[in-house]
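Below is one structure, written out as structure tokens; the observations come after it.
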Amino acid sequence: DAKTTQPNSMESNEEEPVHLPCNHSTISGTDYIHWYRQLPSQGPEYVIHGLTSNVNNRMASLAIAEDRKSSTLILHRATLRDAAVYYCILRDGTRGQNFVFGPGTRLSVLP
Amino acid sequence: DTEVTQTPKHLVMGMTNKKSLKCEQHMGHRAMYWYKQKAKKPPELMFVYSYEKLSINESVPSRFSPECPNSSLLNLHLHALQPEDSALYLCASRGISSYNEQFFGPGTRLTVL
């Protein structure tokens, strides 16, 4: 399985944009890039996913490098509620692999 | 209804007890999962059910016994657990298309004395 690496922790100020990086240099052509987050005392929740093109939804944007070896999750205006552990996960869409969670990035949002 | 429910929220059990965790979803998802999460660690996959059949067992000890009685329910039967089994147990479900997201429940916090 292709691996991902993320910073252990990041800090952001409230109402400022946050860019959470993820490196996945061994990504294969059929791997989708998924982002989940886990708020304190809750189960993980889906944030966004993409394959090659940048993606936007109501929660965030996903910017994927042209060579697909890295991606960045963008929260446009961080709120206190966005404080969570963010997981970047690769999943092969053709082989139906299961999600393998890495350590993730713990995001702190300062008021 | 886009919710996965888990009961109980908390469970304390002795090493000789038998207990069960329950997970329920009504989204029509045919893939259901059990994960184990220790404090400050990522979730680790334990079992996967696809169309009510066990498709993956990630070398989990036999003291954990999963059961999928129908397409909406997933149980995890616990027997003779050890203190190191204390963790948050998460259930998740997913639509069967490869691109579908997983929906997670809030988890059951298990303490083994």
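Chain A is the first sequence line, chain B the second, and so forth, proteins listed ahead of strands; every chain is numbered from 1.
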Asp82(A) and Arg37(A): CA distance, side-chain angles, deciding distance, salt bridge (Lys or Arg N to Asp or Glu O under 4.0 Å) verdict:
CA-CA 9 Å; Asp82(A) 292 321; Arg37(A) 72 179 185 181; 2.8 Å; yes
When only pairs under 4.5 Å are counted, which of Ala31(B), Pro43(B), Gly107(B) shares the most heavy-atom pairs with chain A?
Pro43(B)
If you tally heavy-atom pairs under 4.5 Å against chain A, which of Gln102(B), Glu44(B), Arg109(B) wins?
Gln102(B)
Check each atom of Gln37(B) against the heavy atoms of chain A and say whether the ones under 4.5 Å are side chain, backbone, both or neither.
side chain
Side chain, backbone, both or neither of Phe103(B) within contact of chain A (heavy atoms, under 4.5 Å):
neither
Parallel, tilted or perpendicular: ring planes of His34(A) versus His49(A), cut at 30 and 60 degrees:
parallel
Which class fits the ring pair Tyr35(B) and Phe104(B): parallel under 30°, tilted 30 to 60°, perpendicular over 60°?
tilted
Per-residue contact mode, Pro103(A) against chain B (heavy atom under 4.5 angstrom)
backbone
Is a side-chain donor-acceptor pair under 3.5 Å present for His79(B) with Ser65(B)?
no
Determine, stepwise, if the pair Phe64(B) / Phe47(B) fulfils ring pair (Phe, Tyr, Trp, His ring centres under 6.0 Å).
CA-CA 10 Å; Phe64(B) 295 91; Phe47(B) 301 105; 7.5 Å; no
